[in-house]
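Structure first, commentary second.
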Amino acid sequence: MADIPEKFLKPYSPSETEGRIYKLWEESGLFNPDKLGERHKEPFTIIMPPPNANGSLHAGHAVFVTIEDLIIRFKRMQGHKTLWLPGADHAGFETQVVYEKKLEKEGRSRFGMDPEELRKEIMDFTLHNKQFMEGQLRELGSSCDWSREKFTLDSDIIKTVYGTFQKLYNDGLVYRGKRTVNWCPKHQTSLSELETESTEEQTPFYYLKYGPFTIGTVRPETKFADKYVVVHPNDRRYAKYKHGDKLTVEWINGPIEATIIKDEAVEKDFGTGAMTITPAHSQIDFEIAKRHGLDVEPIIDLRGKLLPLAEEFAGQKITEARAKIVEKLTAKGLLVKTDENYKHTIKRCYKCLGAIEPQVRDQWFIKMPPLAKPVIEKIEKDEIVFYPEQYQKIMLHWLRSIEDWNVSRQIVWGIPIPAWYHEKKCIPKPGREEDVGKCIETIVSLDQPECEFCNAKYEQDSDTFDTWFSSGQWPFATLGFPDSKDFKEFYPTQVMETAGEIIFFWVARMLMLGLYRTGKLPFSTVYLHGIVTAKDGQKMSKSKGNVISPLELSEKYGTDALRMALIIGNTPGTTTALYEEKINAYKKFANKLWNISRFIFEMTPHTGKDSELTKEDAEKWKIFTDLSKEITDDLENYRFYLAGEKLYHYLWHEFADKIIEESKDILKGENTLEKQSRVFLLNSVLSSSLKLLHPFMPFITEEIWQSSPWKNGSTPLMIETWPH
RNA sequence: GCGCCCUUAGCUCAGUUGGUAGAGCAACUCAUUUACACUGAGAAGGUCGGGGGUUCAAGUCCCUCAGGGCGCACCA
């Protein structure tokens with residue numbers, strides 16, 4: 001019997017342990033790859049997906065922290081020079097929406113506020129949350145290098161982002177132009193395709209008399225100024241009309257001169273095969289208008305209200321105006337019939353689920369096909385490994401049908417677009433009178449440009465970048481592209497681990513922008529975890545009231561138990577249910593491990609010397625080392641769920657239930673050789689098991705290690721050598 | 001429309017290149033000052049969604065049907 005620390009006489013207490021252990025790691029400096037010893041040569045890098053600094057961490061964050069920390073701890077023990085670079089995301093639109101809700105509660109609104117004032121307020125809010133979030137990452141055991149932490153609004157990040165925009169502009173891959181954008185009338189900004197979602201709805205489909213034509217529409221409220229009627233060039237029903245023919249028709253607010261347009265975009269079999277177009281509020285109509293040089297007249301303002309063109313309906317919200325307009329159409333005898341069973345999909349803002357109102361606006365776009373092409377080629381050559389592998393196909397499918405990306409947002413919370421526009425007034429500088437008209441209207445530049453020819457000023461674009469434009473450059477921007485030591489040493493990184501949900505938003509953009517800017521793909525492995533759901537498989541959401549906070553769980557059951565619950569049963573890409581019974585099971589496991597250690601420390605005074613194993617013990621050792629190899633192999637191949645389960649099963653039902661139970665008789669017995677062999681076996685299995693288990697349950701394994709007789713000076717378990 | 005995935009024990013899910021089904025939880029029967037009740041022992045539970053094919057051998061590969069989920073794009 002040996003004396004053991006008193007704490008082993010009580011059940012394992014995470015709350016008395018975790019803070020102390022984290023401090024021990026952090027003070028050792030070993031999260032920083034530069035502080036790791038000689039053994040750690042080959043770099044292994046993970047760039048953390050920066051959590052949004054606008055709230056608490058949720059279960060999804062806990063998953064990424066657990067998986068990434070697991071990989072990093074495993075690689076660190078194997079002897080890699082590991083860098084896990086943490087960050088925080090200003091999360092442009094997301095944060096602005098969160099902040100707007102806060103303003104709303106306070107009875108305030110962002111509209112009418114001074115943009116600079118608003119920006120400052122959101123910055124304070126974000127920085128406060130950022131600090132809070134960092135504390136939570138620590139509680140979850142993150143062994144990331146805090147000395148290299150980055151924020152998406154750091155000046156060096158912005159500089160890199162501007163550099164990329166400038167390069168895209170110089171290469172002709174950026175353009176500014178009038179195009180139909182997804183406009184959210186509530187949030188007063190345009191959105192990318194990814195930021196909208198479609199819902200199917202049943203909407204009345206109206207057939208309206210438009211002169212000799214009958215046209216179909218679901219949106220009579222946009223039709224006031226419709227002066228083009230479009231039919232397919234091969235439609236025999238309308239063969240007697242020629243492209244460009246004009247005729248006067250009686251319309252909603254009186255007679256209107258209509259022009260006939262023939263365009264192949266019209267489906268002959270849909271409706272009557274004839275439609276009028278509203279180019280200002282429909283992408284397809286806009287494209288038709290562009291092809292034929294037609295007028296584009298706005299009908300709806302940015303708040304979703306009808307413009308003066310609508311005469312008596314002006315100022316009304318489109319949703320309210322529709323019924324009244326239909327009433328008027330009916331009264332005028334223009335309504336032919338209504339199909340009440342028509343189903344179509346409409347786009348909605350992914351945040352407020354309000355209907356998107358297409359608007360034609362001047363916006364910045366990035367040409368995506370040229371950026372996607374080289375990435376597609378690399379993926380086809382298997383230069384990236386996807387876990388789960390079906391995401392390779394999903395990614396290729398998306399990249400092959402990619403569309404240009406609207407990167408300008410009409411919100412203040414973000415990185416301002418470095419574009420400058422020439423003032424309207426233009427008085428030539430003395431002596432440059434003959435250069436009138438040569439002034440460059442738009443300049444992309446970091447600094448305020450000066451006009452060569454006149455005294456006019458350049459004003460900066462008031463829009464900001466889509467957050468994902470800057471996040472898409474995160475791996476090389478955080479490492480100090482292009483010249484820093486870190487960039488040269490740690491780029492390209494090894495693994496990108498993130499939520500499957502943001503594969504297009506983020507992963508695809510990082511691949512494209514990373515390859516474009518640095519010539520190399522930013523990572524060689526993509527691991528995508530699924531959504532964490534409640535026990536019944538329902539998505540966690542505040543409105544359902546089934547959200548469970550990872551920090552509360554970690555306080556109640558211990559971080560290690562939470563981590564195990566998040567790893568085991570969590571295969572890449574699939575949803576994982578997280579619930580208290582499951583976490584509790586691993587809390588019990590932590591205690592089991594605690595008592596295994598207590599038994600061994602108490603009953604088997606460690607001699608510090610290797611002993612010869614009996615034939616029986618050698619067999620047991622062989623079984624363990626085989627398992628250890630299997631676990632290493634599982635971890636190398638990202639099968640964390642399997643490795644975790646195997647360790648759990650072995651330690652509890654083999655080591656504790658069988659080996660330790662039978663050891664009781666051996667240790668009480670008289671056979672010295674058998675006893676020495678068994679003492680050596682128990683110590684060896686436990687010390688190696690703690691190492692194997694450390695990436696999964698870092699706190700308790702480190703705590704036990706610190707009390708163990710085989711501890712190597714002050715070296716934490718965190719950098720002990722991985723068992724071979 | 002285009003694409004991806006799922007269906008295995010009551011529940012949640014594993015099952016890596018085809019070798020004859022596993023874990024956790026729940027439920028059942030015992031044990032009860034044990035390193036640990038945050039426990040142990042034991043037993044029970046599945047024709048692997050249906051059908052067909054390839055094979056000596058299929059939960060695993062191919063085809064097909066049914067049910068479910070997801071992504072992308074859509075005609076006013």
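All figures in this text were calculated on a predicted structure; none of them were measured in a lab. In what follows, every chain begins at residue 1, and chains take the letters A, B, ... in the order their sequences are listed.
- For the side-chain contact (heavy atoms from CB on, under 4.5 Å) with A:His243, the qualifying choice from A:Ile261, A:Ile260, A:Asp263 is A:Ile261, the only one to do so.
- Where RNA chain B pairs in unbroken runs of 3 or more (Watson-Crick or G-U, both distances under 3.5 Å), the stems are B:1-7 with B:66-72, B:10-13 with B:22-25, B:28-31 with B:39-42, B:49-53 with B:61-65.
- With sequence neighbours excluded, no residue forms a ring-ring contact (aromatic ring centres under 6.0 Å, His included) with A:Phe286.
- When the P atom of B:rC36 is taken as reference, atom CE of A:Met603 falls 11 Å away, rounded to whole Å.
- Under the rule for a ring-ring contact (aromatic ring centres under 6.0 Å, His included), the partners of A:Phe365 that lie at least two apart in sequence or sit in another chain are A:Tyr175.
- Going from the P atom of B:rC70 to that of B:rC13 covers 14 Å, rounded to whole Å.
- A:Tyr641 places its OH atom 18 Å from the P atom of B:rG22, with the value rounded to the nearest Å.
- When each of A:Ala656 and A:Gly569 is assigned the nucleotide of RNA chain B with its nearest heavy atom, A:Gly569 is the one assigned upstream, toward the 5' end.
- For A:Tyr579, the ring-ring contact (aromatic ring centres under 6.0 Å, His included) criterion is met by no residue, not counting sequence neighbours.
- Using atom P as the reference point in both B:rU20 and B:rC25, the two lie 26 Å apart (nearest Å).
- Comparing the same atom, P, in B:rA57 and in B:rG52 gives a spacing of 15 Å after rounding to whole Å.
- Between the side chains of A:Asp226 and A:Thr278, a donor-acceptor pair is found at a separation under 3.5 Å.
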- Message: Base contacts versus sugar-phosphate-only contacts with protein, heavy atoms under 4.0 Å: please encode nucleotides 23-31 of chain B as B, S and - from 5' to 3'.
- Response: SS-------
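- For B:rG1 and B:rC48, the C1' atoms lie 33 Å apart once the distance is rounded to whole Å.
- Rounding to whole angstrom units, OH of residue A:Tyr391 and P of B:rG3 are separated by 18 Å.
- Taking the P atoms as reference points, B:rC62 lies 15 Å from B:rA58, given to the whole Å.
- In summary, the side chains of A:His529 and A:Glu497 do present a donor paired with an acceptor at a separation below 3.5 Å, with no hydrogens or angles considered.
- Counting non-hydrogen atoms under 4.0 angstrom, A:Thr576 reaches nothing in the nucleic acid.
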- Going 5' to 3' through nucleotides 71-76 of chain B and flagging B where a protein heavy-atom sits under 4.0 Å of the base, S where only the sugar-phosphate is that close, and - otherwise, we get B-SBBB
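- A:Phe205 and A:Phe270 have their aromatic ring centers within a separation under 6.0 angstrom.
- Atom CZ in A:Arg598 sits roughly 11 Å away from atom P in B:rU34 (whole-Å rounding).
- Distance A:Lys592 NZ to B:rU34 P: 15 Å, rounded to the nearest Å.
- Rounded to the nearest Å, the gap between the P atom of B:rU7 and that of B:rU12 is 12 Å.
- Each of A:Leu647, A:Asp560, A:Leu651 was compared with A:Phe589 under the side-chain contact (heavy atoms from CB on, under 4.5 Å) criterion, and only A:Leu651 meets it.
- Centroid-to-centroid, the aromatic rings of A:Tyr241 and A:Phe213 come within less than 6.0 Å.
- For A:Asp626, the CG atom counts as densely surrounded, since its 6.0 Å shell holds more than 12 non-hydrogen atoms of other residues, nucleotides or ligands.
- For A:Tyr641, the side chain to side chain contact (heavy atoms under 4.5 Å, CB included) criterion is met by A:Thr571, A:Pro572, A:Arg639, not counting sequence neighbours.
- Distance, A:Ile700 CD1 to B:rA35 P: 19 Å, rounded to whole Å.
- Protein atom CD of A:Glu389 is 10 Å distant from nucleotide atom P of B:rC6, rounded to whole Å.
- Only A:Arg639, listed by number, bring a heavy atom of residues 631-640 of chain A to less than 4.0 angstrom from any atom of RNA chain B.
- Applying the 3.5 Å distance criterion, the base of B:rC4 shares no donor-acceptor pair with the side chain of A:Lys393.
- The salt bridge (Lys or Arg N to Asp or Glu O under 4.0 Å) test applied to A:Glu267 returns no partner, not counting sequence neighbours.
- Contact check, A:Lys664 against B:rA35: a side-chain N or O comes under 4.0 Å of OP1 or OP2.
- Remark: the separation of the C1' atoms in B:rC61 and B:rG19 is 14 Å, to the nearest Å.
- Here A:Glu501 pairs with A:Ala499, A:Ile531, A:Lys539 under the side chain to side chain contact (heavy atoms under 4.5 Å, CB included) rule; sequence neighbours left out.
- Atoms CD (A:Glu661) and P (B:rC36) sit 11 Å apart, rounded to a whole Å.
- In this view, A:Asp295 and A:Lys227 satisfy the salt bridge (Lys or Arg N to Asp or Glu O under 4.0 Å) rule, not counting sequence neighbours.
- Rounded to the nearest Å, the gap between the C1' atom of B:rG22 and that of B:rU8 is 10 Å.
- Judged as a ring-ring contact (aromatic ring centres under 6.0 Å, His included), and not counting sequence neighbours, the contacts of A:Phe640 are A:Tyr527, A:Tyr638.
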